[in-house]
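Structure first, then comments.
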Amino acid sequence: MADRTKDIVPVRTRYAPSPTGFPHIGNYRTALFEWLAARHTGGKFVLRVEDTDRKRLVPGSIEAIQEGLKWLGLEWDEGPDVGGPYGPYLQSERLDLYREYAEKLIAQGDAYRCYCTEERLEQMRAEQRARNEPTRYDRRCRYLTPEQRAANEAEGLPSVIRFAAPIEGTTTFHDFLRGDITFDNSTIDDMILLKSDGYPTYNFANIIDDHLMDITHVIRGEEYISSAPRYAQVYRALGWEEPTVVHVPLVLAPDHSKLSKRHGALPLLDYRDKGYLPEAICNFLLLLGWSYDDKKEFFTREEMIESFDDRRLGTSPAIFDMTRLDWFNGHYIRQLTPERLTELAMPFLLRGLPEDVAATVDREYARQVFMLDQERFKTLADVPLLTSFFFVEQPEYDAQLLLGKGMDAERAPAAIEALLAVLGELPDWTAETLLQTLDATVTRLGYIRTKADGTQVPDRGPVFMLVRVAVSGRKETPGLPEMLAVLGRERVLGRLHVALEKLRDLAG
RNA sequence: GCCCCCGUCGUCUAGCGGCCUAGGACAUCACCCUUUCAAGGUGGAGAUCACGGGUUCGAAUCCCGUCGGGGGUACCA
């Protein structure tokens, strides 16, 4: 058996976000794949900020992007904050580099200055559309005479630098997952390398930096496939070797449209605020477009790194399914140790409680409550929803809720009084003795159920539900004896008394 | 319009010419467990593998076409 690890070559990958907003969850999936490719091979994961669009720059988004990566545990080896041998990692600090290579392309005849105004381009495209032609730059400035150029320069006309793309033939690039993809050169126009403000376009800066930073594997979204042949042309003009390119399929909204806020696809950090666990998000994202085999669905961080193989990436778009995310989240919440659960749940609890109540919460008591409800939390946002009754002075509920199947206005007060009589005297307040006491009361009060085989057993249902509502104000709660044990004698007795009063008021 | 990518249960997917009367998971339904709700267990329903042609003894798997979905078509990324 050959040692497979010998075949693994360390790769350099990069996450190259543009600080024009707060990336949504699909963007981070790409980052996850890039990070995994690097970790799996013992390579490096680089964070490079593509801040070349000055108009759309959103203050604070660089910080938010980094916070998101950290939250998911996707730590980078090189980046704007930590530096590295290929810096700077902020494209706005690399402007001279792009200029240098753009000039080089002009010198060798592979690029040219274009003086066309945006108005003219706009008009040109409008006419092309009217004639039902593809909208493309008509290359007017590509064929300017040296005299015309000199005149434009003398006049001080603003200009951009465009790539002089091959006009005839085809361009083929290799997609790691899909194989060779060929575009007819007649469909590719002369893309802008450097904008009139001196900043590079995303496309150009990307090419230059991926090469200069020695990126071996470019993993990016499928929306870049149509730009890929142009990148290939520039690499070739510069005489550079092209990195391996992996286009991962898009993540779509449930209605197959592009992922947007209204479908629940929020900026990543919003998921943290909504009570999702990073391990759940990672696991969910991992399996959106990638699979290990037909069985394995839960991956620890180590297992992810160990088993990630970019050859198993898919090529068809995946739909973002919130329900599945919730399931993963519930799973990982159940996985939490009591201590970690408490740590994570506490802020959510305190935020959901009235201020005066929040101020009195005892950590140890809360810990016991959380453990009781652990298997019921789908997200941490459920914490206050399911557990607030443990903390308030007295839960509010409609007296009618106390009555139900097998429990009417006559029997309810009797049952509570019977319980009150014994619970006050209980020598120890544990789930075990509480269950015994509850059962004894049920039997004494004559709640009997006949099973299918004819045997008679105590019918816990009606009394248990009565007590459940009395102490919690709700019909769904953790197991009754366990819940009473945690609530403590004082609260339970107090709430039973309140229930009794409510029943009397009801009777009129 | 033009160019490109994609197309297996509602959803995420396994499958890479015979092991497939297509497997797993989420969701859904039923039952079990049971003091409620969950969690867990068992089982069911759910995909003529988008459709139509080929190739082959044999196709979800290869080829062509059609349709459908998506992306691109910016001095955005």
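Just so we're on the same page: letters track the sequence lines, and every chain starts at 1.
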Pairs under 3.5 angstrom, nitrogen or oxygen only, protein versus nucleotides 25-29 of chain B, please.
| unit_1 | atom_1 | unit_2 | atom_2 | d |
| --- | --- | --- | --- | --- |
| B/A25 | O2' | A/Glu297 | OE1 | 2.8 |

Show me the protein contacts with nucleotides 72-77 of chain B, counting only N or O atoms at under 3.5 Å.
| unit_1 | atom_1 | unit_2 | atom_2 | d |
| --- | --- | --- | --- | --- |
| B/G72 | O4' | A/Ser226 | OG | 3.3 |
| B/G72 | O2' | A/Ser226 | OG | 3.3 |
| B/U73 | O2' | A/Thr135 | O | 3.0 |
| B/U73 | O2' | A/Thr135 | OG1 | 3.3 |
| B/A74 | OP2 | A/Thr135 | OG1 | 3.4 |
| B/C75 | O2 | A/Ser196 | N | 2.8 |
| B/C75 | O2 | A/Ser196 | OG | 2.8 |
| B/C75 | N3 | A/Ser196 | OG | 3.0 |
| B/C75 | N4 | A/Cys116 | O | 3.4 |
| B/C76 | OP2 | A/Lys195 | NZ | 3.0 |
| B/C76 | O3' | A/Asp53 | OD2 | 3.4 |
| B/C76 | O2' | A/Asp53 | OD2 | 2.8 |
| B/C76 | O2' | A/Arg56 | NE | 2.9 |
| B/C76 | O2' | A/Arg56 | NH2 | 2.5 |
| B/A77 | OP1 | A/Thr52 | OG1 | 2.9 |
| B/A77 | OP1 | A/Lys195 | NZ | 3.1 |
| B/A77 | OP2 | A/Tyr202 | N | 3.0 |
| B/A77 | O4' | A/Arg56 | NH2 | 3.4 |
| B/A77 | O3' | A/Ser18 | OG | 3.3 |
| B/A77 | N3 | A/Tyr224 | OH | 2.9 |

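Considering only residues two or more places apart in sequence or on other chains, A/His331 meets the ring-ring contact (aromatic ring centres under 6.0 Å, His included) condition with A/Phe298. Partners of A/Ala165 by side-chain contact (heavy atoms from CB on, under 4.5 Å), not counting sequence neighbours, listed by chain and number: A/Arg139, A/Phe163, A/Asp190, A/Gln233. For A/Thr117, the side-chain contact (heavy atoms from CB on, under 4.5 Å) partners are A/Glu119, A/Arg120, not counting sequence neighbours. Applying the ring-ring contact (aromatic ring centres under 6.0 Å, His included) rule to A/Tyr224 yields the partners A/Tyr202; only residues at least two apart in sequence or on another chain are considered.
Ion pairing between a basic and an acidic side chain is recognised when a charged N comes within 4.0 Å of a carboxylate O; A/Asp197 and A/Lys195 show no such pairing.
Atoms CD1 (A/Ile319) and P (B/C9) sit 11 Å apart, rounded to a whole Å.
By the 6.0 Å contact criterion, CD on A/Glu100 is enclosed, its count of non-hydrogen atoms from other residues, nucleotides or ligands being greater than 12. Annotation for A/Tyr292: atom OH does not count as buried by contact number, only 12 or fewer foreign heavy atoms lying within 6.0 Å.
Where A/Thr187 and A/Gly289 meet RNA chain B, the nucleotide closest to each residue was compared, and A/Thr187 sits on the side nearer the 5' end.
Contact annotation for A/Arg312: backbone-only contact, meaning every heavy-atom pair under 4.0 Å involves sugar-phosphate atoms and none involves a base. Within the 4.0 angstrom heavy-atom criterion, base atoms lie near A/Pro481.
Not a single donor-acceptor pair, N or O on each side, falls under 3.5 Å between the base of B/C5 and the side chain of A/Arg178.
Nearest to the side-chain atoms of A/Asn132 among the listed nucleotides B/C12, B/G1, B/U35 stands B/G1.
Aromatic pair A/Phe284/A/Tyr271: ring centres not closer than 6.0 Å.
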